[in-house]
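Below is one structure, written out as structure tokens, with a few remarks after it.
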Number of protein chains: 2
Amino acid sequence: MRAMTVVAMHEEKGPVPLRLVAEMEAISEQYLEQIFMGLRRANLVTGQRGAKGGYTLARPAATITAGDVVRAVEGPIKLVDCDHNGGCLRAHVCATRELWDKVSQSMSQVMDGATLHDLATWARAKS
Amino acid sequence: MRAMTVVAMHEEKGPVPLRLVAEMEAISEQYLEQIFMGLRRANLVTGQRGAKGGYTLARPAATITAGDVVRAVEGPIKLVDCDHNGGCLRAHVCATRELWDKVSQSMSQVMDGATLHDLATWARAKS
DNA sequence: AAAAAAACCGAGTGTTTTCCTCGGAATAAT
DNA sequence: ATTATTCCGAGGAAAACACTCGGTTTTTTT
């Protein structure tokens with residue numbers, strides 16, 4: 001998320017090389033590469049190879065939510081991994097699952113309520 | 001949470017032995033012991049030794065929230081573990097932390113909005 | 001008094017997840 | 001050519017998670 005915030009802050013200034021992100025956020029370039037592979041596969045960023053290359057947001061920052069980023073790198077936002085949809089053997093399992101589902105929904109709601117534009121704005125305000 | 005729901009369902013019927021919970025929820029008795037140690041330390045349940053013993057809720061089910069249970073077993077409900085309060089070196093870190101804090105708060109809010117009484121009711125409705 | 005049922009307790013274990021490294025290949029600008 | 005960069009597959013160390021094991025103490029029942 002921190003990396004994507006950096007890219008969002010450079011939205012109009014062309015591609016951002018990971019070397020720069022690595023420096024700014026103190027995250028190894030190699031680790032960032034791995035993360036950006038996921039972001040690229042999810043079509044949130046486009047990569048430009050070679051010198052003067054780097055990553056660019058695939059859509060305007062205001063249209064990419066934090067939820068989009070989380071889902072791209074960590075998969076679906078949910079607390080439990082129970083797919084016995086409707087056919088639960090244990091009723092209590094499903095009673096708690098109802099709760100976990102509510103929590104997951106709430107998490108998604110908050111994360112989808114913040115865009116990269118918002119994060120970039122907050123970050124600028126803090127610096 | 002499933003175990004506590006079972007105990008809550010037996011609220012008026014005296015202590016619930018873990019053997020019963022283990023059977024009902026298909027969780028090993030030994031694992032449950034470990035979990036209930038935490039619940040007891042957090043004063044959510046009281047243990048009664050010996051035959052006819054078992055665990056009882058320390059307070060009425062309607063006054064114990066799912067959040068209480070989660071915090072007792074897993075610790076504080078928060079997504080990130082950053083305690084650089086205010087003194088963040090990297091501004092972007094803190095921008096994202098604001099988001100994580102919002103998400104954590106939202107999770108707590110949902111979990112504290114459901115009591116064991118609620119869970120027990122839901123479970124009964126499902127059986 | 002003996003036996004059984006249950007909570008208590010500390011330590012250990014296998015698996016998965018998380019976070020991260022390594023070495024290289026392809027591509028583009030200088 | 002050289003340099004800067006993304007692209008890619010394969011690991012690897014450490015922590016978290018989900019448990020197990022072997023025993024002790026307490027209480028009720030027989």
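All chains are named by letter (A, B, ...) in the order of the sequence lines, taking the proteins before the strands, and each is independently numbered beginning at 1. Every value quoted in this text rests on a predicted model; they were computed, and no experiment measured them.
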Positive for side-chain contact (heavy atoms from CB on, under 4.5 Å) with B:Met4, one of B:Val45, B:Val21, B:Ile35: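 So the option named by the test is B:Val45.
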Reported CG-to-CE distance for the pair A:Leu18 and A:Met24, which is rounded to 0.5 angstrom: 13.0 Å
Starting from [atom2] on [N], measure out to [atom1] on [X] and report it in whole angstrom.
{"X": "B:His10", "N": "C:dA6", "atom1": "NE2", "atom2": "P", "value": "13 Å"}
{"X": "B:Leu18", "N": "C:dC9", "atom1": "CG", "atom2": "P", "value": "14 Å"}
{"X": "A:Ile35", "N": "C:dT18", "atom1": "CD1", "atom2": "P", "value": "12 Å"}
{"X": "A:Met1", "N": "C:dC19", "atom1": "CE", "atom2": "P", "value": "13 Å"}
{"X": "B:Phe36", "N": "C:dA6", "atom1": "CZ", "atom2": "C1'", "value": "14 Å"}

Say whether, by atom type as modelled, one donor and one acceptor occur between the side chain of [X] and the main chain of [Y] under 3.5 angstrom.
{"X": "A:Thr121", "Y": "A:His117", "result": "yes"}
{"X": "A:Arg2", "Y": "A:Glu25", "result": "yes"}
{"X": "B:Glu11", "Y": "B:Ala61", "result": "yes"}
{"X": "A:Arg97", "Y": "A:Val80", "result": "no"}
{"X": "A:Thr5", "Y": "A:Met1", "result": "yes"}
{"X": "B:Ser104", "Y": "B:Leu79", "result": "yes"}

Angle of first-five versus last-five pair axes in the helix from C:dA1-D:dT30 to C:dT30-D:dA1, to 10 degrees: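 For the helix from C:dA1-D:dT30 to C:dT30-D:dA1, the axes at either end differ by 10°.
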Sugar-phosphate, base or nothing in reach of B:Tyr55, heavy atoms under 4.0 Å: sugar-phosphate
Connected via hydrophobic side-chain network under 4.5 Å: B:Val69 and B:Met37: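 Per the 4.5 Å side-chain linkage, B:Val69 and B:Met37 are not co-clustered.
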Start and end of chain B contact along DNA chain D [non-hydrogen atoms, under 4.0 Å]: D:dA18 to D:dT29
Candidate pair A:Thr115 and A:Thr63, rule side chain to side chain contact (heavy atoms under 4.5 Å, CB included), full reasoning: CA-CA 7 Å; A:Thr115 67; A:Thr63 70; over 6 Å; no
Minimal non-hydrogen separation, B:Ala123 against B:Met9, with atom names: CB-SD, 3.9 Å
Sorted by number, the residues of residues 43-52 of chain B with heavy-atom contact under 4.0 Å to DNA chain D: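 Per residue number, the list reads B:Arg49, B:Gly50, B:Ala51, B:Lys52.
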Results of salt bridge (charged side-chain N to carboxylate O under 4.0 Å, His left out) for A:Asp68 - residues two or more places apart only: A:Arg59, A:Arg71
Under-3.5 Å N/O pairs linking protein and nucleotides 10-13 of chain C:
unit_1, atom_1, unit_2, atom_2, d
C:dA11, N6, B:Gln34, NE2, 3.2

Pair listing, ring pair (Phe, Tyr, Trp, His ring centres under 6.0 Å) test, anchored in residues 9-50 of chain B, at least two apart: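 Of all non-adjacent pairs touching residues 9-50 of chain B, those that pass ring pair (Phe, Tyr, Trp, His ring centres under 6.0 Å) are B:Phe36-B:Tyr55.
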